[in-house]
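Step one of this worksheet: look at the structure below.
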Number of protein chains: 2
Amino acid sequence: MRRYPTLRWSDDAPEILDQTLLPHEVCYLRCAELDTLAEAIRMLRVRGAPAIGLAAALGLARVAVQSAAVSVPELAGELERAAGVLGETRPTAVNLFWAIQRMRALWSREWGDPQELGRAAVAEALEMMEEDRRACRAMGMHGAALLPDPCRVLTHCNAGYLATADYGTALAVVYVAHEQGKRVSVWADETRPLLQGARLTAWELQEAGIPVTLICDNMAASVMAKGEVDAVITGADRIAANGDTANKIGTLGVAVLARHFDIPFYVVAPRSTIDLATASGRDIPIEERASHEVSHVRGVQVAPAGIRVFNPAFDVTPAELVAAIITEEGVHRPPYGDSLVRRH
Amino acid sequence: MRRYPTLRWSDDAPEILDQTLLPHEVCYLRCAELDTLAEAIRMLRVRGAPAIGLAAALGLARVAVQSAAVSVPELAGELERAAGVLGETRPTAVNLFWAIQRMRALWSREWGDPQELGRAAVAEALEMMEEDRRACRAMGMHGAALLPDPCRVLTHCNAGYLATADYGTALAVVYVAHEQGKRVSVWADETRPLLQGARLTAWELQEAGIPVTLICDNMAASVMAKGEVDAVITGADRIAANGDTANKIGTLGVAVLARHFDIPFYVVAPRSTIDLATASGRDIPIEERASHEVSHVRGVQVAPAGIRVFNPAFDVTPAELVAAIITEEGVHRPPYGDSLVRRH
């Protein structure tokens, strides 16, 4: 399959595939400055919970490796300030805070000199990329085992390779099933307001040679009612300890529909998306974004001037609607409380 | 409230408010030629089941009144050909066929000369406009009685004055409740792909001074989960004898969500939308429209070139999800079979 790296480390700096330009243009943005990276996360040039976390780790590695700090405490201070900037970019995806915390563990240790810490930071960020690769493949394997052959999957938003450093989360299941020879096809919800389904999921599946059909979000019920969906698979931005799952706005609706039409609804996410410190979905902060994302589409105004808009970027699907949560460790089934705490 | 006529009869020809230009431009299209009107229906310049029927009636009146036919049979032949053209424009809204059938009853009778038939056709079409006005007000009254005060209504697509010759169907309920002094506000689904909610519903409610908040279709579940919806009200394009209801794509999903969150789901439509000749929703033809409506938004490409698209314009909500069907006659409750056949 043809696949473009979502993130890469090049000449001691992160470069990200600018997803706001897809599907029209494949263009990498070099983030030599922290502000460039923070803006890229805020503007969704890089998005998807795992990719956001990895971008932050690479950004901290960049700070560490380019610093002119003359002491380890001075560098640790710079890194702490950078972590503060990155931590302010987006509130919902917990992978961002997980990645920052993991990098922070480095600069909390003792080091001979700042250069040594710098090299270690780069190595740690690249190791996190490698772990993500292994996690994607493992999630894909565990999930693919659940799919019948043939299988028509409906997915919402983009939880594909563009959301990770490798095969993706939800779409890793599709890619691995496809590699195993299963006849898998995908219904891609377009995912308003920012159309990640139309722009990203449809594009990456088309490039990868997986049969994909694009629908508007409000067509999912119709497709399910016709009996043309065998499984719904999405990613997640944060999974609470009880299994409640925050994901792209619209996921809750798809989960309710799946329950109504008796279709299994699977969530696929790496362990780093599970936030045991958050008891339930009620405690997950939900980002609200600017009204022009709804009143305009790709810069074109579609609603009357001055219209009031509600634009939550995420919603929370209660655990009771989730048939299984698939991580790199395996398949968690309800009740999730014990299962998510206990590692496989 | 400020309200622009959706349709009008002017200098012996129909004029329609071109809804493809809203909310940016208020522009009337004079349909002196039948092809202009047929194109206007196909392209959704005029849309909404009742308005489509009235547009067809006015179009037939125009043919009748401008004809140079020298005999009644010759004019009847012209009208029959015009009815054929109009009947081919859109398949789902039954009001179109109802209106054609009602006009056909005229030219099936005996007349002294073609001019007499022409004058009668105009009078009949204008009488249908007047009946629509009375029906809208009656639907509004019956529906408003069901709403609590205050009431937060969620609606999908546009079933407002832009879909009729008067107050609308679903939105007639809102307008009448507002006139009665009830504190009613509206969540308007934007209604992809053609954004009738964003372009039309948000605009007409804003103009009318009703509090309205625009959301993407996939945000309805989130708003319902927060307990911020007291009733869901939509129009209909065709109601089968058993109460199954075809309406704008996405209505089924909203109805499933309303059931899940225990919110009443009401359908509001004039008697002319009920098709007793269609036994159930399975027998309602569902129009599929061009893929570019999904792959492009207002002319801007949002999906990769060559992407496969599924674009049904309507879906069918099974009767068991409908809490009540409100017509000008009153409030029908399940089971609908007997209630819809028996007039109030």
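So you know, we letter chains A, B, ... as the sequences are listed, proteins then strands, and number each from 1. Note that the coordinates shown come from a computational prediction; the quantities given were computed from them, not determined experimentally.
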*Atom of A221(B), atom of L252(A) and distance for their closest heavy-atom approach*: O-CD2, 3.7 Å
*Would you mind telling me which of G299(A), P312(A), A188(A) has the largest number of heavy-atom pairs within less than 4.5 Å of chain B?*
P312(A)
*Where on A225(A) is there a heavy atom nearer than 4.5 Å to chain B: the side chain, the backbone, both, or neither?*
side chain
*asked:* Report which part of L321(B) has an atom under 4.5 Å of a heavy atom belonging to chain A: side chain, backbone, both, or neither.
replied: side chain
_I'd like to verify something: which residue of V316(A), I249(A), L257(A) has the highest number of heavy-atom pairs under 4.5 Å with chain B?_
I249(A)
Check chain B and chain A for donor-acceptor pairs under 3.5 Å and report each one on its own line.
{"from": "H24(B)", "atom 1": "NE2", "to": "Q301(A)", "atom 2": "O", "distance (Å)": "3.1"}
{"from": "E190(B)", "atom 1": "OE1", "to": "R192(A)", "atom 2": "NE", "distance (Å)": "3.3"}
{"from": "E190(B)", "atom 1": "OE1", "to": "R192(A)", "atom 2": "NH2", "distance (Å)": "2.6"}
{"from": "E190(B)", "atom 1": "OE2", "to": "R192(A)", "atom 2": "NE", "distance (Å)": "2.8"}
{"from": "R192(B)", "atom 1": "O", "to": "N218(A)", "atom 2": "ND2", "distance (Å)": "2.9"}
{"from": "R192(B)", "atom 1": "NE", "to": "E190(A)", "atom 2": "OE1", "distance (Å)": "3.3"}
{"from": "R192(B)", "atom 1": "NE", "to": "E190(A)", "atom 2": "OE2", "distance (Å)": "2.8"}
{"from": "R192(B)", "atom 1": "NH2", "to": "E190(A)", "atom 2": "OE1", "distance (Å)": "2.6"}
{"from": "Q206(B)", "atom 1": "NE2", "to": "A305(A)", "atom 2": "O", "distance (Å)": "3.3"}
{"from": "T213(B)", "atom 1": "OG1", "to": "R308(A)", "atom 2": "NH1", "distance (Å)": "3.4"}
{"from": "L214(B)", "atom 1": "N", "to": "R308(A)", "atom 2": "O", "distance (Å)": "2.8"}
{"from": "L214(B)", "atom 1": "O", "to": "F310(A)", "atom 2": "N", "distance (Å)": "3.2"}
{"from": "D217(B)", "atom 1": "OD2", "to": "N218(A)", "atom 2": "ND2", "distance (Å)": "3.0"}
{"from": "N218(B)", "atom 1": "O", "to": "G250(A)", "atom 2": "N", "distance (Å)": "3.4"}
{"from": "N218(B)", "atom 1": "ND2", "to": "R192(A)", "atom 2": "O", "distance (Å)": "2.9"}
{"from": "N218(B)", "atom 1": "ND2", "to": "D217(A)", "atom 2": "OD2", "distance (Å)": "3.0"}
{"from": "G250(B)", "atom 1": "N", "to": "N218(A)", "atom 2": "O", "distance (Å)": "3.4"}
{"from": "Q301(B)", "atom 1": "O", "to": "H24(A)", "atom 2": "NE2", "distance (Å)": "3.1"}
{"from": "A305(B)", "atom 1": "O", "to": "Q206(A)", "atom 2": "NE2", "distance (Å)": "3.3"}
{"from": "R308(B)", "atom 1": "O", "to": "L214(A)", "atom 2": "N", "distance (Å)": "2.8"}
{"from": "R308(B)", "atom 1": "NH1", "to": "T213(A)", "atom 2": "OG1", "distance (Å)": "3.4"}
{"from": "F310(B)", "atom 1": "N", "to": "L214(A)", "atom 2": "O", "distance (Å)": "3.2"}

*Under 4.5 Å from a heavy atom of chain B, the part of V223(A) involved*: side chain
*A305(B), G253(B), C216(B): which one forms the most heavy-atom pairs within less than 4.5 Å of chain A?*
C216(B)
*With a 4.5 Å heavy-atom cut-off, do V256(B) and V256(A) have their side chains touching?*
yes
*Proximity breakdown for V294(B) and chain A, heavy-atom pairs closer than 4.5 Å*: both
*Please look at P304(B) and chain A and tell me whether the side chain, the backbone, both or neither of the residue comes under 4.5 angstrom of a heavy atom of that chain.*
both
*Portion of P318(B) that has a non-hydrogen atom of chain A nearer than 4.5 angstrom*: neither
*Return the option, out of A255(A), P193(A), A220(A), with the maximum number of heavy-atom pairs under 4.5 Å with chain B.*
P193(A)
*Determine the option with the most heavy-atom pairs under 4.5 angstrom with chain A, choosing from V302(B), V254(B), V297(B), L195(B).*
V302(B)
*asked:* For V212(B) and I307(A): C-alpha separation, side-chain torsions, deciding distance, then whether side chain to side chain contact (heavy atoms under 4.5 Å, CB included) applies.
replied: CA-CA 8 Å; V212(B) 55; I307(A) 191 72; 3.8 Å; yes
